[in-house]
Amino acid sequence: MAKRYPPILSLLFNIALLYLLYMLCRIVYVLEFWDVYGATFSRLSVGQLLIGSLRFDTAAICYTNVPYALLVLFPLSVRIKESKPYRIIAKTLYVVVNAVMLSANLVDTVYSRYTGRRTTWTIFSEFSAEGNLGSIFFVEVLHHWYLVLLGLAFIAALIFLYCPYKDVKIDKSELKKREPSFRISYSILQSTTILFFLLVVPLSIAGIRGGFSRSVRPIAISNANQYVDQPSQAAIVLNTPFSLIRTCGKTTFSDPHYFSQEELSCRYSPIHQSSPISVAQGANIVVLIVESFGTEYWGYFNDYPGYTPFLDSLASVSLTFQQSYANGRKSIDGMPSILSSIPMFVEPFFVTNYSLNDVSGLAGELSREGYSSAFFHGADNGSMGFQAFARTTGFQHYYGRTEYESDPTTRGVNDFDGTWAIWDEEFMQYFAHQLDTMHQPFVSALFTASSHHPFVVPERYRQSLHQPGHPMYTCVRYTDQALRRFFDTASRMPWFKNTIFVITADHTNHSEQPAYSTPLGSFRVPILFFDPSGRLPRGMSNAVAQQIDIMPTLLSAVGYPNPYVAFGQDLLTTPADSTWAVQYNSGMYQLVQDNTLVQYDGEKVVGVYHLANDPQCRNNLTSSTTPTQLARLQAIVQSYMQRMIGNELVVH
């Protein structure tokens with residue numbers, strides 16, 4: 001039988017074990033992301049990292065282990081009658097709860113690769129409509145078998161290193177027979193146990209809040225930034241249980257009240273008036289949102305060949321931008337940004353309560369001018385909430401896997417990739433032929449799927465398109481070829497020359513280049529405007545472009561006559577030196593303008609980087625004054641929050 005210890009010693013040992021296991025999870029996280037953190041890790045303060053890590057681990061452990069602590073320290077006179085059941089319940093609670101928490105940390109080691117941050121509670125909403133999570137999880141288990149073994153080892157440690165407690169109760173008659181020194185020690189032990197029981201709740205509250213001071217508010221995810229140099233490093237000091245707990249049931253948006261309403265309207269307004277120009281009146285619009293196609297993979301935007309020969313050739317005859325960015329890090333961030341000019345601030349718009357707001361959108365606005373519209377996504381209907389959002393923003397028709405497989409002209413289920421969706425090549429051909437049946441003018445959007453984990457391509461291409469290195473590269477080559485075939489088919493159709501094509505990515509993906517691992521680099525996606533008729537300008541612009549600029553730019557190009565809400569800017573009429581881009585990155589708002597990156601936590605500036613001399617964002621110049629950029633960022637954030645809260649995303 002294992003040796004048992006007084007309740008206080010047992011509790012302290014078992015809590016210390018949790019600190020150790022949480023720290024081991026963090027070390028595994030850093031090693032798994034060494035390609036991201038390795039170059040900058042040496043400049044971080046180990047002492048600061050340790051202090052921050054312990055602070056957030058304390059909060060997580062207090063959140064999840066108060067019931068266990070109370071069981072162990074429960075007053076002896078009540079507990080002693082059923083001592084063994086209490087001990088069993090206490091150990092079971094300790095092992096089960098902490099096994100789940102440690103597993104969440106290890107799972108996030110994989111998932112964070114695709115989100116760039118610790119997972120929050122919204123994950124349960126993001127994937128609520130997905131029916132293929134079981135197969136994806138199985139594939140990840142195979143790819144990350146070492147994490148599975150490590151998780152099992154952690155659970156074994158919880159079980160076999162658990163320090164059991166013993167109950168020492170002696171009745172008064174027996175106690176009187178003992179030595180005075182024993183009686184004193186026994187009284188101290190019992191009194192101390194009761195004292196600790198009474199202190200568990202206030203001590204846990206202090207741990208959750210992050211300190212004892214009245215000035216300390218409960219620490220939030222954004223507090224992690226005070227221990228690191230860049231928001232992308234905040235995940236190091238955070239842990240996943242804390243991120244999940246602190247975002248569960250929270251109100252996402254609040255009005256920061258930076259400016260009065262009069263001053264705010266002077267500084268920034270998302271209301272766009274009728275377009276002053278019309279270079280392509282009545283043109284069709286096709287928006288191609290290519291899964292995970294970050295700028296890193298393109299030869300056109302880099303000084304190395306890349307993996308996109310067709311798209312590179314198309315970019316050479318399109319309007320492109322030296323600096324172009326996503327406004328989020330997930331697929332569900334990309335769709336609102338691109339098609340409704342709504343950036344991701346704090347949490348994805350899809351999964352907040354405000355997703356029920358009236359929403360302006362490219363399709364909805366153009367439907368008022370007689371445009372027909374359709375959205376295409378080869379995954380299961382309802383996947384990622386795309387079908388619901390497409391309908392909300394005014395798309396009249398939706399074509400998903402259901403429509404594809406029921407169409408007699410396709411190979412149906414035989415073209416399913418086995419995990420996510422219909423293969424890109426087949427679905428893009430279906431897309432082209434469906435466009436040929438639509439009433440002109442039309443606006444349509446396609447969201448591709450193949451360039452995504454688990455990084456597979458059709459069997460017939462696994463040799464010819466194989467690219468050494470990360471498997472994503474082979475997927476990129478496949479989707480590039482699928483786009484070549486789409487444009488080849490579309491170019492022979494009568495509507496082609498009267499169509500403006502936009503090509504962008506929903507977000508970035510795996511990165512091996514230092515330039516794409518910075519706070520800005522992790523948002524770099526291409527934005528191309530291709531007009532076969534040549535009505536739009538061509539060439540590489542020195543303007544700053546972002547996904548939320550796509551909608552106002554297109555509405556401007558076709559001469560849309562009505563006012564509408566869009567948080568981006570019209571790239572055709574805004575001077576290049578007045579353009580900007582915004583993102584929300586690990587608890588920080590950031591704005592890039594005039595070759596300067598400003599990072600703001602909602603209360604103070606925490607980062608200023610001059611990109612011309614410091615593209616890696618290594619030299620933080622917070623002492624530099626940035627009143628213009630900061631005021632613009634504050635105005636954008638305040639306007640966003642007010643309009644979300646007040647349901648003012650459309651012009652009535």
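What you see is a predicted model, and the numbers here were worked out from it, not measured in a lab. Below, each value reflects all heavy atoms present in this structure, side chains not excepted, and no hydrogens, waters or symmetry copies.
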* Has Arg538 got more than 12 heavy atoms of other residues, nucleotides or ligands less than 6.0 Å from its CZ? -> yes
Residues two or more places apart in sequence or in another chain: which of them pass side chain to side chain donor-acceptor pair (under 3.5 Å) with [X]?
| X | answer |
| --- | --- |
| Asp436 | Trp495 |
| Arg484 | none |
| Tyr258 | none |

Do [X] and [Y] come close enough that some side-chain heavy atom pair is under 4.5 Å?
| X | Y | answer |
| --- | --- | --- |
| Leu633 | Trp580 | no |
| Met493 | Leu435 | no |
| Leu649 | Asp358 | no |
| Asn595 | His610 | no |
| Gln281 | Arg535 | no |
| Asp601 | Lys604 | yes |
| Phe530 | Thr499 | no |
| Glu369 | Asn562 | yes |

Pairwise distance [atom1]([X]) to [atom2]([Y]) - rounded to 0.5 angstrom:
| X | Y | atom1 | atom2 | result |
| --- | --- | --- | --- | --- |
| Ser491 | Asp488 | OG | CG | 5.0 Å |
| Tyr300 | Ser313 | OH | OG | 11.0 Å |
| Thr622 | Gln599 | OG1 | CD | 11.0 Å |
| Ile285 | Phe529 | CD1 | CZ | 9.5 Å |
| Arg524 | Ser522 | CZ | OG | 11.0 Å |
| Ser451 | Asp424 | OG | CG | 6.0 Å |

Side-chain ([X]) to main-chain ([Y]) donor-acceptor, under 3.5 angstrom:
| X | Y | value |
| --- | --- | --- |
| Thr448 | Glu291 | yes |
| Asp614 | Tyr609 | no |
| Asn302 | Tyr304 | no |
| Tyr478 | Glu425 | yes |
| Tyr268 | Phe567 | yes |
| Asp480 | Leu311 | yes |
| Ser541 | Thr320 | no |
| Gln547 | Asp506 | yes |
| Thr508 | Phe523 | no |
| Asp531 | Pro537 | no |

Just by distance, with hydrogens left out, do [X] and [Y] show a side-chain donor and acceptor under 3.5 Å apart?
| X | Y | answer |
| --- | --- | --- |
| Gln634 | Tyr600 | yes |
| Thr489 | Gln429 | yes |
| Asn542 | Gln322 | no |
| Asn381 | Glu403 | yes |

* So among Phe431, Phe375, Phe376, which one has a ring pair (Phe, Tyr, Trp, His ring centres under 6.0 Å) with Tyr399? -> Phe376
Proximity of [X] and [Y] rings by center, below 6.0 Å:
| X | Y | value |
| --- | --- | --- |
| Phe386 | Phe389 | no |
| Tyr371 | Phe442 | no |
| Phe253 | Tyr640 | yes |

* Derivation of the side chain to side chain contact (heavy atoms under 4.5 Å, CB included) call for Val565 and Val650 -> CA-CA 6 Å; Val565 173; Val650 298; 5.6 Å; no
* To do: Could you walk me through whether Phe427 and Leu446 pass side chain to side chain contact (heavy atoms under 4.5 Å, CB included), step by step?
  => CA-CA 9 Å; Phe427 198 72; Leu446 167 74; 3.6 Å; yes
Where do [X] and [Y] come nearest, in terms of heavy atoms and distance?
| X | Y | result |
| --- | --- | --- |
| Ile422 | Ser450 | O-OG, 4.4 Å |
| Leu597 | Pro519 | CD2-CB, 4.2 Å |
| Ile332 | Pro348 | CD1-CB, 3.5 Å |
| Val359 | Ser340 | CG1-OG, 3.8 Å |
| Gln569 | Thr579 | OE1-CA, 3.4 Å |
| His507 | Gly328 | CB-O, 4.1 Å |

* side-chain hydrogen bond (donor to acceptor under 3.5 Å, both in side chains) with Gln583: which of Gln546, Arg329, Gln590? -> Gln590
* Test Phe501 against Phe496 for ring pair (Phe, Tyr, Trp, His ring centres under 6.0 Å), laying out the working first. => CA-CA 9 Å; Phe501 295 87; Phe496 178 74; 5.4 Å; yes
* Residue pairs involving residues 310-330 (criterion ring pair (Phe, Tyr, Trp, His ring centres under 6.0 Å); sequence neighbours excluded) -> Phe310-Phe487
* Contacts of Glu365 that satisfy salt bridge (Lys or Arg N to Asp or Glu O under 4.0 Å) - sequence neighbours left out -> Arg368
* State which residues pass ring-ring contact (aromatic ring centres under 6.0 Å, His included) with Tyr297; sequence neighbours excluded, sorted by chain then number. => none
* For side chain to side chain contact (heavy atoms under 4.5 Å, CB included), just list the numbers for Val476 and Thr308, CA-CA rounded to whole Å, side-chain angles, deciding distance to a tenth of an Å, and then say yes or no. => CA-CA 7 Å; Val476 169; Thr308 56; 3.5 Å; yes
* side-chain contact (heavy atoms from CB on, under 4.5 Å) with Ser556: which of Thr574, Val279, Leu572? -> Leu572
* How far apart are the C-alpha atoms of Val286 and Asn284, what are their side-chain angles, what is the distance that settles it, and do they pass the side chain to side chain contact (heavy atoms under 4.5 Å, CB included) test? -> CA-CA 7 Å; Val286 171; Asn284 304 308; 5.6 Å; no
